[in-house]
Amino acid sequence: IVLFNTIVLASHAHEKVDVFKPDTHSHAEFGEAKSVRYLLYDVNPGEGFNLRRDVFMRVANLVKFLNDDEPWVLVLPPWGRLYHWKSQDLNQIKVKWSTFFDLASLREHIPVIEFEDYLTVMGEEVVEEIYYLQRYKEGWTNGKWEEKMDIRDCIDRVPYQKDEDGKWRGWFFGYENVYAKKFACLSVQSEAGNMKSFLMKNTTSRSVMLERAEQVIHGQYSEFSSMSVMLDRAEQLIHGRSGQHSTNYWDARRSMVFAKHLRDIGDEFRREYLDSTDENDKTVLKSWTQMKKNHGEAKGGPYISVHLRRKDYLYAHKEQVPSLKYAAKQIKELLKKNKLKKVFIASDCDENDFETLKGFFKKAEIYRYKPTQEIREKYKDGGVAIIDQWIAAHARHFVGTYVSTFSFRIQEEREILGFDPETTFNRLCSESEEECEQPSKWKIVY
Ligand code: GFB
């Protein structure tokens, strides 16, 4: 609750309008005494960490738009059961957002709380309503896309069932006693703006959860307004269309500052092995609301960083993922071109592959971040991946992997830090590619 009291409601990113101090017994006050409402969401279980970050940005902006009219708080879905988090020895469910992100920074954009704090505020382990977002069974009418949203029978088997007491049970991030009072499938073919009016007009519950949040806000066919273009990012990235994101997109993105304990570990590694400090590299961080760098202001540490995605990419994108030998060849060329000796590798590859890669280099120094057991236990696979991203983001030159959202998030971090886009929007090519199209330059807008 102490933590909760510090939340500032903002109807615009930089404009603080009110502070609310709810307790577990009464609804909070906002302006003309409107009760605070809570938006929860979850994402298709198969999605990885960095795509989930993209969904967060879309939902966060929906909450921002809602706050123009009503006080809504976004409940952060605990992390867990991620397909890529392979370490069996770690307990990787119910992981709080504060393990990975700086909540104070998120709150400079919209009001957020952790799920556990939400349960405390509700005084009961309950979600009032769940809407399971789905497509329309019949698809488009007459082959035409139109805005619509209707409660319908569920198309797929849903992971929620009603128990004998009429409570809806299912996966609530690993919190076994949580239940929902109401559940419905909602067919949606809509952009986020209409989700707002649905939430304001069609429901009065104190808390509403959007399951499969990526569905509605994905905006797969809704390129007709500037807002939907903003919300459409993942799809645009996957199809490699060029474009520009709105200020709203970047505000949400900039507010996703990594937790200080993870940044500190990355910074120590940079100092110790890569001769890289913020002062020398011109990457000193300020509060995101104060930070506005020009392209080329950041110099970066004296190393090349590489995001070398392996595992499922070796078959999911086998045409575009290079062999280790061919990756080494490209890295050597970059070292020569940039007159550098050191390389930082961020990768989901195993130790054998890393040693094989190292074997292709005679003179260069090849580094990888290896966490201690204590750090693994504290910050999990997700924290280690963030440390890798942080170190990779600070290099003089970065090269990533084809359509990996892990690489995209590093590129955005570099945009925030003020790097020249030429040093950022690059990817490794495979030996079988005749034309190796480089990533679109998604430049920052303030
Ligand atoms: O983040 P992510 O959605 O990126 O999923 P993609 C990849 C996950 O693999 C990361 C681990 O979240 C990490 O857990 N991983 C990948 C890494 N690269 C590294 C690295 O350099 N260092 C460390 N420590 N960990 C998409 C998935 O992955 O790929 C989709 O989101 C699907 O679900 C698709 O599997 C094929 O965009 O690369």
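Order of appearance sets the numbers: ligands from 1, and atoms from 1 within every ligand. This one's a predicted model, so the numbers in the text were calculated from it and none came from an experiment.
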Peer 1: Pick from Asp278, Thr277, Asp275: which one makes a side chain to side chain donor-acceptor pair (under 3.5 Å) with Arg270?
Peer 2: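 With Arg270 as partner, side chain to side chain donor-acceptor pair (under 3.5 Å) holds for just one option, Asp278.
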Peer 1: Polar-atom distance check: Ala316 versus ligand 1, any N or O pair below 3.5 Å?
Peer 2: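 Ala316 vs ligand 1: no N/O contact under 3.5 Å.
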Peer 1: Purely on distance, is any nitrogen or oxygen of Asp381 under 3.5 Å from one on ligand 1?
Peer 2: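 No, Asp381 has no N/O under 3.5 Å of an N/O on ligand 1.
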Peer 1: For atom 22 (N) of ligand 1, grab the closest protein heavy atom and report residue, atom and distance to one decimal in Å.
Peer 2: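 Answer for atom 22 (N) of ligand 1: Asp388 OD2, 2.8 Å.
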Peer 1: Any idea which protein heavy atom is nearest atom 34 (C) of ligand 1, and the distance to it?
Peer 2: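 Going by distance alone, atom 34 (C) of ligand 1 is nearest to Tyr313 CE1, 3.8 Å.
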Peer 1: Any nitrogen or oxygen of Gly46, main chain or side chain, under 3.5 Å from a nitrogen or oxygen of ligand 1?
Peer 2: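 Yes; at least one N/O pair falls below 3.5 Å.
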Peer 1: Verify whether one side chain among Asp348 and Tyr313 offers a donor that lies under 3.5 Å from an acceptor in the other.
Peer 2: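 Result is no, nothing qualifies.
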Peer 1: Suppose we measure from atom 4 (O) of ligand 1 to each protein heavy atom; which comes out shortest, and what is that distance?
Peer 2: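 Looking only at protein heavy atoms, the one closest to atom 4 (O) of ligand 1 is Thr405 OG1, 3.1 Å.
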Peer 1: Hey, is Ala385 touching ligand 1 through its side chain, its backbone, both or neither, going by heavy atoms under 4.0 Å?
Peer 2: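 Within the 4.0 Å criterion, Ala385 contacts ligand 1 through backbone and side-chain atoms alike.
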Peer 1: Tell me the contacting part of His307 for ligand 1: side chain, backbone, both, or neither, using a 4.0 Å heavy-atom threshold, strictly below.
Peer 2: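 Under 4.0 Å from ligand 1, His307 contributes side-chain atoms alone.
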Peer 1: Check the side chains of Thr423 and His397 for a donor-acceptor pair under 3.5 angstrom, ignoring hydrogens and angles.
Peer 2: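 Note: His397 and Thr423 side chains miss the donor-acceptor criterion.
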Peer 1: Counting only heavy atoms, which portion of Trp85 has something under 4.0 Å from ligand 1: side chain, backbone, both, or neither?
Peer 2: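 Within the 4.0 Å criterion, Trp85 contacts ligand 1 through side-chain atoms alone.
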Peer 1: May I ask you to identify, for Lys311, whether its side chain, its backbone, both or neither come under 4.0 Å of ligand 1 on a heavy-atom basis?
Peer 2: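 Neither; no heavy atom under 4.0 Å.
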Peer 1: Does the ring center of His261 lie less than 6.0 Å from the ring center of Tyr379?
Peer 2: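 Yes - the distance between ring centres of His261 and Tyr379 falls below the 6.0 Å cut-off.
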